[in-house]
Amino acid sequence: MSFLVILLVLWVEKFSAWRLRIQQDGPWLAQLQRLQQGGLQQAPWLCLAILVLLPVLALALLLLILKPLAYGWLALPVHLLVLIYSLGRGDLLAALGPFRDAWRRGDGQAAYHVAERDLSLQPEEGTELLQQVQGHLLWQAYQSFFAVIFWYLLLGPMAALAYRLLALSAEHAEQAALRERAVQLRHAFDWLPARVLASSFALVGNFVAVSRALLHELLSWDISAAQLVIKAGRAAGEMPPPVMGEEGVDTLDQLWQLLIRAAVVWYAGYAVWVLFI
């Protein structure tokens, strides 16, 4: 059923606007705000249990109830809705559009402003800005799609939902202790899928360059998932020095094609796995 759910998610993502309707974080963010303002300010782990563990347990109970009904097929729409909700927020390619246009025409000032406005970056001036946007593309694709799909295929919808709720906690928590705990847990969640994606980049890109770039850091706990994914992606894509104009925009297209090839490897690998188990 997992393979069918992923195919349906791709169809929804490509041909409908359901994702925007399903990804309604308002009630959850309101609960986050209440917990931060209530009497649990000094209990960040308890806050995370309420924000993350409680919804995951509720989902597990719902799936347990639906499992014996209609041969388990009633769980299919639940899987689909949870996986769509667990994907990243926003449209990555649409958000990159204004930056691409500004960079293509060589307008560095406009590119700086749209990177700050649309991509929520703290941009550097000059051609280094392109490297920041390349890293943004790789990281957002990872955390929006690859990490969620990895945990869904490995442990099911509960793990995918837990990953997204931890990401939302790390992003929106105003209380320092709560945000720190969420970041720690998310780092643990990111350790394995980030390395699987880096290995996929090596398979579909420049294997030697990725091996050279990550040989001493692949198993390191200290390097962040963002650093690992960005280094691996840039090495696999053989990114040239950043330049203004059409050549610079082409590097974003190259990285996007790299991500698509990595996704195909994941789908093909899982399809083979399903056939032989």
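Sequence positions, counted from 1, serve as the residue numbers for this chain.
- Expressed to the nearest 0.5 Å, how far CG of Leu218 lies from OG of Ser211 amounts to 9.0 Å.
- Nearest heavy-atom pair across Ala182 and Ala170 is CB-N, 3.7 Å.
- With contacts defined as side-chain heavy-atom distances shorter than 4.5 Å, the pair Ser169/Leu178 does not qualify.
- Distance CG/Leu76 to CG/Leu66: 11.0 Å, rounded to 0.5 Å.
- Listed here is the closest heavy atom pair of Ile50 and Pro55: O-CD, 3.4 Å.
- Between Arg195 and Leu214 the shortest side-chain heavy-atom distance does not fall below 4.5 Å.
- Separation of atoms CG (Leu81) and CZ (Arg21) is listed at 13.0 Å; rounding is to 0.5 Å.
- Formation of a donor-acceptor pair under 3.5 Å by the Glu116 side chain with backbone atoms of His113 is not found in this model.
- Contact of the Met239 side chain with the Leu255 side chain is registered, since non-hydrogen atoms from C-beta on lie closer than 4.5 Å.
- The backbone N or O of Trp28 sits nowhere less than 3.5 Å from a side-chain atom of Asp25 that would complete a donor-acceptor pair.
- Other cluster members for Leu53: Leu57, joined by side-chain heavy-atom distances under 4.5 Å among Ile, Leu, Val, Met, Phe, Trp and Tyr.
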Applying side chain to side chain contact (heavy atoms under 4.5 Å, CB included) to Leu96 and Asp118, what does each step give before you reach the verdict? CA-CA 8 Å; Leu96 284 172; Asp118 298 341; over 6 Å; no

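- Surrounding CH2 of Trp221 are more than 12 heavy atoms belonging to other residues, nucleotides or ligands, all under 6.0 Å away.
- In this structure, Gln257 contributes its side chain and Leu252 its backbone to no donor-acceptor pair below 3.5 Å.
- Of all heavy-atom pairs spanning Leu83 and Ala160, the tightest one is CD1-CB, 4.4 Å.
- Side-chain contact between Phe150 and Val196: present, with at least one pair of heavy atoms (C-beta onward) separated by less than 4.5 Å.
- A heavy-atom distance below 4.5 Å is found between the side chains of Leu59 and Val78.
- Atoms NZ and CD1, on Lys67 and Ile65 in that order, are 13.5 Å from each other to the nearest 0.5 Å.
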Could you list the donor-acceptor pairs under 3.5 angstrom formed by side chains in residues 137-148, with sequence neighbours left out?
residue: Gln140; atom: OE1; partner: Gln143; partner atom: NE2; Å: 2.8
residue: Tyr142; atom: OH; partner: Asp190; partner atom: O; Å: 3.3
residue: Tyr142; atom: OH; partner: Asp190; partner atom: OD1; Å: 2.7
residue: Gln143; atom: OE1; partner: Arg164; partner atom: NH1; Å: 3.1
residue: Gln143; atom: OE1; partner: Arg186; partner atom: NH2; Å: 3.3
residue: Ser144; atom: OG; partner: Gln140; partner atom: O; Å: 2.8

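- When the side chains of ILVMFWY residues are joined at heavy-atom separations under 4.5 Å, either directly or via intervening members, Val265 and Ile149 end up in a single hydrophobic cluster.
- A perpendicular orientation is assigned to the rings of Trp11 and Trp18, their planes being inclined by more than 60° (bins at 30° and 60°).
- Gln31 and Arg34 are linked by a side-chain donor-acceptor pair at a separation below 3.5 angstrom, with hydrogens and angles left out of the test.
- With rounding to the nearest 0.5 angstrom, the NE2 atom of His172 is 8.5 Å from the CG atom of Leu32.
- One finds the CG atom of Leu165 at 8.0 Å from the CG atom of Leu51 (value rounded to the nearest 0.5 Å).
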Side chain to side chain donor-acceptor pair (under 3.5 Å) between Gln227 and Ser224, worked out: CA-CA 5 Å; Gln227 291 174 310; Ser224 70; 3.2 Å; yes

Criterion side chain to side chain contact (heavy atoms under 4.5 Å, CB included) on Phe201 and Val229, from CA distance to verdict: CA-CA 9 Å; Phe201 285 159; Val229 168; 4.2 Å; yes

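- Under the 3.5 Å distance criterion, the side-chain polar atoms of Trp151 are left unmatched by any main-chain donor or acceptor of Pro157.
- Between Trp266 and Ser200 the shortest side-chain heavy-atom distance falls below 4.5 Å.
- Within the 4.5 Å cutoff, no side-chain heavy atoms of Leu35 are placed close to those of Leu46.
- Among residue pairs with one or both ends in residues 231-248, those qualifying as salt bridge (Lys or Arg N to Asp or Glu O under 4.0 Å) are Arg104-Glu246, Glu217-Lys231; sequence neighbours excluded.
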Check the pair Arg261, Leu258 against side chain to side chain contact (heavy atoms under 4.5 Å, CB included), reporting the backbone distance first and the verdict last. CA-CA 5 Å; Arg261 294 197 301 272; Leu258 179 74; 3.5 Å; yes

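- A single hydrophobic cluster is seen to contain both Tyr163 and Leu161, as judged by linkage of ILVMFWY side chains at heavy-atom distances under 4.5 Å, directly or through other members.
- Counting only distance, with no hydrogens or angles, the side chain of Arg89 and the backbone of Leu168 share no donor-acceptor pair below 3.5 Å.
- A single hydrophobic cluster is not seen to contain both Tyr112 and Val243; linkage of ILVMFWY side chains at heavy-atom distances under 4.5 Å, directly or through other members, places them apart.
- Using a distance-only test at 3.5 Å, with no hydrogens or angles considered, no donor-acceptor pair links the side chain of Glu128 to the main chain of Pro242.
- Within the 3.5 Å criterion, the main-chain N or O of Gly88 finds a donor-acceptor partner in the side chain of Arg19.
- Placement of Leu20 and Ile84 in two distinct hydrophobic clusters is found when ILVMFWY residues are connected by side-chain heavy-atom separations under 4.5 Å, directly or transitively.
- Connection of Leu61 to Leu155 is not established within any shared hydrophobic cluster, with ILVMFWY side chains joined at heavy-atom distances below 4.5 Å, either directly or through further cluster members.
- Of all heavy-atom pairs between Ala213 and Ala235, the closest is CB-CB, 4.1 Å.
- Counting heavy atoms from C-beta outward, Trp191 and Leu219 have side chains that approach closer than 4.5 Å.
- Leu153 and Ser2 make their closest contact through CD2-CB, 4.3 Å (heavy atoms, listed as atom of the first residue, atom of the second, distance).
- Of all heavy-atom pairs spanning Trp103 and Leu130, the tightest one is CZ2-CB, 3.6 Å.
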Could you walk me through whether Leu92 and Trp256 pass side chain to side chain contact (heavy atoms under 4.5 Å, CB included), step by step? CA-CA 11 Å; Leu92 179 56; Trp256 186 251; 4.1 Å; yes

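- Listed for the His79 side chain is no donor-acceptor partner under 3.5 Å among the backbone atoms of Tyr152.
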